[in-house]
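As structure tokens, the structure follows; a few thoughts come after it.
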There are 2 protein chains.
Amino acid sequence: MRNRQRESEQQQFIEAVGLSFEQAGLPRMAGRILGWLLICDPPHQSPGELAEVLQASKGSISSMTRLLEQLGVIERLSLPGERRDYFRIRSESWAALFKRRMELVSNFRQLADRGLELLSEHTPEQRQRLDEMRNMYAFFEYEVPRLLERWEQERRSQSE
Amino acid sequence: MRNRQRESEQQQFIEAVGLSFEQAGLPRMAGRILGWLLICDPPHQSPGELAEVLQASKGSISSMTRLLEQLGVIERLSLPGERRDYFRIRSESWAALFKRRMELVSNFRQLADRGLELLSEHTPEQRQRLDEMRNMYAFFEYEVPRLLERWEQERRSQSE
DNA sequence: TAATATGTTCAGTATTGACTGAACATATTA
DNA sequence: TAATATGTTCAGTCAATACTGAACATATTA
């Protein structure tokens, strides 16, 4: 009966996902929820179950699931004949997260443009810093969505 | 004499960069420093000048410039015959920042692998969530460095 | 050597925001 | 209707950390 060991490994995995989420700038508890939803059986869990497994308050589970839902990472699931709600990971979750992150890139490109307006009367040398910033973020702003499309295509052909 | 207006616009730009930096998970003051270094004249500034313009303590300037230096975003500059140090933006700054961010992608791919080990005895259906996560992050872990290379090439050909 | 100019360290403060837990809402069953 | 089961809201707590400011370090000039 290696159940203890297995549970401990699961807990460690959950914490690791939590920490990574925190590094990405999201609340740790949101990461913990996601960590558990990645390995739990069945793959859908009720708020109550989440609170118990993660030893968190119901309030925290409620607000973090709301956040994850808004981010497009999880979805709510209601089963016929059951009054409880469930959450599970959306299949597009990671692409959704990635897209959200890419908004920052667009934001930085806009900042560069704004800076260039400020220096509109200045010499090319003065503007070079902002030109480089702008060019690079514009490049990624254009190319990353294309990369995502390529990924979607590959995924589609994989699942056939 | 529209000097007041100009200064106010500069301050607003600095704050905007600060806020964007904060959204990206870095200290706001680091963003402010970068914001000013993007538009200042001359493009290099001493810690003292930074503290004055940004109305920040010398301590904060000292630790934030250290951080930005470690991140590869700015570099220290000492001019002959001057005892003061200066900071300016590195030309590779944005690529350096971007690469740093991409470490998170690699991290998430590794997490997915770790999860898959935990579910090594489970059915393909059970493992699907983690498979998708792994596949997507592995895709970007591979492709984004290629994109960065393409960018470096374009940049080189631009500056010729 | 003292006086000045410059920069760093670090202990302490202040602020932000994640998280808790109790009160409240809603639905279901008896 | 009361009793139970479930979920949300929100005021308050706590911890992490960005930032300040004073003490300290270092270098330069007189």
Side-chain angles (χ1 to χ4, degrees), chain A residues 11 14-37 42 44-71 73-88, chain B residues 11 14-37 42 44-71 73-88:
Chain A
Q11 286 298 338
I14 290 169
E15 286 308 312
V17 179
L19 287 174
S20 289
F21 243 65
E22 200 168 42
Q23 275 219 324
L26 294 160
R28 188 185 293 192
M29 191 62 76
R32 289 205 189 96
I33 291 172
L34 207 59
W36 176 236
L37 287 178
H44 55 270
Q45 301 275 300
S46 72
E49 288 166 336
L50 290 174
E52 196 195 333
V53 170
L54 304 177
Q55 296 178 76
S57 70
K58 291 194 296 176
S60 160
I61 297 296
S62 177
S63 59
M64 290 303 117
T65 48
R66 181 158 14 97
L67 172 66
L68 288 170
E69 225 177 342
Q70 278 169 356
L71 290 174
V73 179
I74 65 175
E75 60 191 353
R76 195 179 291 261
L77 187 68
S78 58
L79 299 179
E82 291 220 37
R83 61 180 173 288
R84 295 202 295 176
D85 276 358
Y86 293 99
F87 295 103
R88 72 171 168 205
Chain B
Q11 287 297 339
I14 289 169
E15 286 308 312
V17 179
L19 287 174
S20 289
F21 243 65
E22 200 166 42
Q23 276 219 323
L26 293 159
R28 188 184 294 192
M29 191 61 77
R32 289 205 189 97
I33 291 173
L34 207 59
W36 176 236
L37 287 178
H44 56 269
Q45 301 275 300
S46 72
E49 289 167 335
L50 290 173
E52 196 195 331
V53 171
L54 305 177
Q55 296 178 76
S57 70
K58 291 195 295 176
S60 160
I61 298 297
S62 177
S63 59
M64 289 305 115
T65 49
R66 179 156 18 96
L67 173 65
L68 289 170
E69 226 178 341
Q70 280 170 355
L71 290 174
V73 180
I74 66 175
E75 61 191 353
R76 195 179 291 260
L77 187 68
S78 58
L79 299 179
E82 290 220 39
R83 60 180 175 289
R84 295 202 295 177
D85 277 358
Y86 293 97
F87 295 103
R88 74 172 166 204

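Values reported hereafter were calculated over all heavy atoms of this structure, with side chains retained and with hydrogens, waters and symmetry mates removed. Numbered from 1 within each chain, the chains take letters A, B, ... in sequence-line order.
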Rounded distance [0.5 Å steps], CG in L34(B) versus OG1 in T65(B): 12.0 Å
Separation between CG of L71(B) and CG of L67(B), rounded to the nearest 0.5 Å: 4.5 Å
Interatomic spacing from CG in L54(A) to CD in E49(A) - rounded to 0.5 Å: 11.0 Å
Qualifying salt bridge (charged side-chain N to carboxylate O under 4.0 Å, His left out) pairs, either residue in residues 16-35 of chain B, two or more places apart: E15(B)-R32(B), E22(B)-R28(B)
Residues in side-chain hydrogen bond (donor to acceptor under 3.5 Å, both in side chains) contact with R84(A), at least two apart in sequence or another chain: S46(A), Y86(A)
d(CG, L26(A); C1', dC19(C)) in whole Å: 16 Å
Canonical and wobble pairing (Watson-Crick, G-U, under 3.5 Å) of DNA chain D, dot-bracket with |: ||||||||||||||||||||||||||||||
Contacts of type side-chain contact (heavy atoms from CB on, under 4.5 Å), residue A24(B), not counting sequence neighbours: L104(A)
side-chain contact (heavy atoms from CB on, under 4.5 Å) partners for R76(A), two or more places apart: E69(A), D85(A), F87(A)
Protein-nucleotides 11-17 of chain C N/O pairs under 3.5 Å:
none

Salt bridge (Lys or Arg N to Asp or Glu O under 4.0 Å) partners for E75(B), two or more places apart: R88(B)
Span of DNA chain D, from the first to the last nucleotide whose atoms fall under 4.0 Å of chain A heavy atoms: dA5(D) to dT9(D)
Side chain to side chain contact (heavy atoms under 4.5 Å, CB included) assessment of I14(A) paired with I33(A): CA-CA 8 Å; I14(A) 290 169; I33(A) 291 172; over 6 Å; no
Contact summary for I61(B) and A56(B), nearest pair of heavy atoms: CD1-CB, 4.1 Å
Interatomic spacing from CG in L26(A) to CG in L68(A) - rounded to 0.5 Å: 8.0 Å
Strand-adjacent residues in residues 47-61 of chain B, judged by heavy atoms under 4.0 Å from DNA chain C: P47(B), G48(B), K58(B), G59(B)
side-chain hydrogen bond (donor to acceptor under 3.5 Å, both in side chains): pairs with one or both residues in residues 53-64 of chain B, sequence neighbours excluded: none
